[in-house]
Asker: 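Here it is: the structure, laid out below.
Given the structure is predicted, the values throughout are model-derived calculations rather than measurements. We count residues from 1, following the sequence as given.
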Amino acid sequence: MFPRDFAWGAATAAYQIEGGWDADNKGPSIWDTFCHAKGRVFEDQNGDDACNSYMLWKKDLECIQQLGLSHYRLSLSWSRLLPNGTTHHVNQQGVQYYNKLIDDLLACNVSPMVTLYHFDLPQALQDKGGWKSSDIADIFDNYAKFCFETFGSRVKLWITINEPHVCAKFGHEDGIFAPGLKESGIAAYTVGHNMLRAHARAWHSYHTLYRSKQGGAVSLAIDSDWAEPFNPASPEDVLAKERYLAFTLGWFAWPVFLTGDYPPVMRATIEAQSKKLGYEGDARLPTFSKDEPAILGTADFFALNHYTSRKVKPGAGCERMLSMKSDVDAERVVDPSWPVCGVSWLAVVPGSLRKLLTYIKDTFHNPAVYITENGFSQVGPVELDDVQRCEFYRNAIQEVATAIQKDEVNVCGYFAWSLLDNFEWADGFSVRFGLFHVDFSETQRTRTIYRSGREYAKIISQNRSQTKPDSRPI
């Protein structure tokens, strides 16, 4: 039994589905630049056309209606709205596009959850330092205020930044995501810090200028695996598990929900490693200034992206150089009993979602939680009769129900990743998460529902017709 107002949703992101990369005065993003440079993405694929949702939005809306969703999570392309990243140049065609999306959703009784930033920084801002620049916090705040002012009367759920951990580490430490920088040991922490500063400014702007008249809620989407010690009887493995969670979930959740600062184990570990390797520069993990908007309390709900789990033990560090890998010193192990779905990193671990939800409840003062991404991938030949993914969704949603009923976790919604097969970043189109298959060989990008889409629609229908009143406020 789910609460009456439980959000049943699916999620997408602008660069992954829209296409129209240079249509109607849109400016380039860092993912346009990253993909157009050869050798960075599977088979040199790109999101120039993707699902062509920029032209085929009505087809997406039909998919949304076919599933019976109550909510739909989309992201705004910053460079489609503001081609150079600032409000000095507003692209009205971009504004019209998103106005239509939001209006069409509401006309179909579907509530939008809108993400301001899902990996695709305007290239014009990257050219000025991007997320490494301290100026980005104010620039992002101005962008956020523009969006709140333009769309906020119709949007009640906002995500400022999606997966800052991924943006920081993959984009600025590992170099496997845009902007493709490999600045080991320092840049990722700077980027993460500036993302938190930007988020805090945007939250405070909403709270001060818009909340009273718009009545919405704002958060940031934090990605996290669940983790357990490789050997529960080993103190070293237990500590490695704590470090791993601190450097992923805790990195962004502690400042926002708990203390206003990074986890103590994270700061202590980085400082110790810096000293060990003879680093004498400024602290690699920045501190929050008292002269800036406070970070603590800048989330109206906990937005969680969760896919998999790991067993953790010490190791995998690079002792001779500064890096996040050596700071964390945690080797992530996939238990051979866990089935791996599609991509090698995505092991399906029964019970992990429930455990993570309970951990969030117990650690971060029982916040309202939206599961903003959760899904199961497919690679190789297309299988529309995707039995394994059907089973995954049944089990995952049962875990959520159990967390609500038995563990009393305040879960308010579940968003499947993803509505459509789409451009999966460095994996291109080789990995498919959609509830609908998209035929990328056709100009019309035909959408065909998977069996898992029908299963998810059935689950939604059953639960929306049997829900109980919900008295829990966000």
Side-chain angles (χ1 to χ4, degrees), residues 10-11 13 16 41-43 45 163 165-166 169-170 174 176-177 222-232 237 240-241 244-245 247-249 304-316 325 328 330-357 359 371-400 414-438 450-453 455-456:
Q16 293 179 270
V41 176
F42 177 81
E43 295 186 348
Q45 295 169 348
E163 296 184 353
H165 163 254
V166 170
K169 186 177 187 298
F170 287 13
D174 302 334
I176 59 175
F177 275 22
I222 302 174
D223 65 292
S224 183
D225 301 344
W226 176 238
E228 295 185 354
F230 184 81
N231 177 3
D237 290 5
K241 173 247 184 177
Y244 178 65
L245 284 177
F247 275 80
T248 50
L249 178 66
L304 172 68
N305 293 358
H306 172 70
Y307 288 92
T308 190
S309 184
R310 291 292 185 268
K311 291 187 174 180
V312 182
K313 60 183 179 180
K325 190 175 183 180
V328 181
E331 180 181 355
R332 302 176 299 157
V333 179
V334 175
D335 190 300
S337 69
W338 298 341
V340 173
C341 76
V343 286
S344 60
W345 59 266
L346 212 172
V348 177
V349 185
S352 66
L353 178 55
R354 179 186 174 189
K355 290 176 182 177
L356 182 55
L357 289 170
Y359 177 86
I371 300 163
T372 40
E373 289 183 26
N374 184 233
F376 183 104
S377 70
Q378 181 184 108
V379 298
V382 175
E383 297 181 27
L384 292 174
D385 193 27
D386 54 344
V387 176
Q388 283 185 304
R389 186 151 47 194
C390 292
E391 182 180 4
F392 168 84
Y393 278 118
R394 284 194 295 267
N395 291 341
I397 291 167
Q398 182 57 54
E399 283 189 47
V400 176
Y414 178 91
F415 290 74
W417 183 269
S418 175
L419 178 70
L420 306 171
D421 289 342
N422 57 54
F423 180 83
E424 281 294 339
W425 307 117
D427 289 320
F429 301 106
S430 68
V431 177
R432 301 178 296 276
F433 278 91
L435 295 164
F436 286 80
H437 172 59
V438 178
Y450 284 101
R451 178 172 175 174
S452 59
E455 181 70 21
Y456 188 45

Asker: Of all heavy-atom pairs between Ala240 and Ala330, which one has the smallest distance, and what is that distance?
Answerer: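 Nearest heavy atoms, Ala240 then Ala330: O-CB, 4.0 Å.
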Asker: What pair of heavy atoms forms the shortest contact from Ala13 to Trp417, and how long is it?
Answerer: N-CH2, 3.9 Å
Asker: Are Phe376 and Phe433 an aromatic pair, judged by ring center distance below 6.0 Å?
Answerer: no
Asker: For Leu356 and Ser224, which heavy atoms make the closest approach, and how far apart are they?
Answerer: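 In this case the closest contact between Leu356 and Ser224 is CD2-O, 3.6 Å.
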Asker: Answer yes or no: is there a side-chain heavy-atom contact under 4.5 Å between Trp345 and Arg310?
Answerer: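 Yes, their side chains come closer than 4.5 Å.
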Asker: Is a side-chain donor-acceptor pair under 3.5 Å present for Asn305 with Glu163?
Answerer: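 Distance-only check passes for Glu163 and Asn305.
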Asker: So, for Asn374 and Phe392, which heavy atoms are closest and what is the spacing to 0.1 Å?
Answerer: OD1-CZ, 3.5 Å
Asker: Looking only at heavy atoms, which two atoms of Trp226 and Lys241 are closest? And how far apart?
Answerer: CH2-NZ, 4.3 Å
Asker: Please state whether the rings of Trp425 and Phe177 are parallel, tilted or perpendicular, taking 30° and 60° as the class boundaries.
Answerer: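 If you compare the ring of Trp425 with that of Phe177, the planes turn out tilted.
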Asker: Can you tell me how far apart CG (Asp386) and OG (Ser377) are? Round to the nearest 0.5 Å.
Answerer: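 Asp386 atom CG to Ser377 atom OG measures 11.5 Å (nearest 0.5 Å).
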Asker: Could you measure the distance from the NE2 atom of His306 to the OG atom of Ser352? Nearest 0.5 Å is fine.
Answerer: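 If we round to the nearest 0.5 Å, His306:NE2 and Ser352:OG are 3.0 Å apart.
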Asker: Hey, mind stepping through Lys169 and Asp174 against side-chain contact (heavy atoms from CB on, under 4.5 Å) and telling me if it holds?
Answerer: CA-CA 6 Å; Lys169 186 177 187 298; Asp174 302 334; 2.8 Å; yes
Asker: Could you please spell out the steps behind the side-chain contact (heavy atoms from CB on, under 4.5 Å) verdict for Leu357 and Ile371?
Answerer: CA-CA 9 Å; Leu357 289 170; Ile371 300 163; 4.1 Å; yes
Asker: For Asp223 and Tyr307, does a side-chain donor sit closer than 3.5 Å to a side-chain acceptor?
Answerer: no
Asker: What's the spacing between Tyr414 OH and Glu399 CD if we round to 0.5 Å?
Answerer: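 Rounded to the nearest 0.5 Å, the OH-CD separation comes out at 9.5 Å.
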Asker: Quickly, which of His437, Glu383, Arg432 forms a side-chain hydrogen bond (donor to acceptor under 3.5 Å, both in side chains) with Gln378? Name it, please.
Answerer: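 Single side-chain hydrogen bond (donor to acceptor under 3.5 Å, both in side chains) partner of Gln378 among His437, Glu383, Arg432: Arg432.
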Asker: Side chains of Val438 and Asn422: does their closest heavy-atom pair fall under 4.5 Å?
Answerer: no
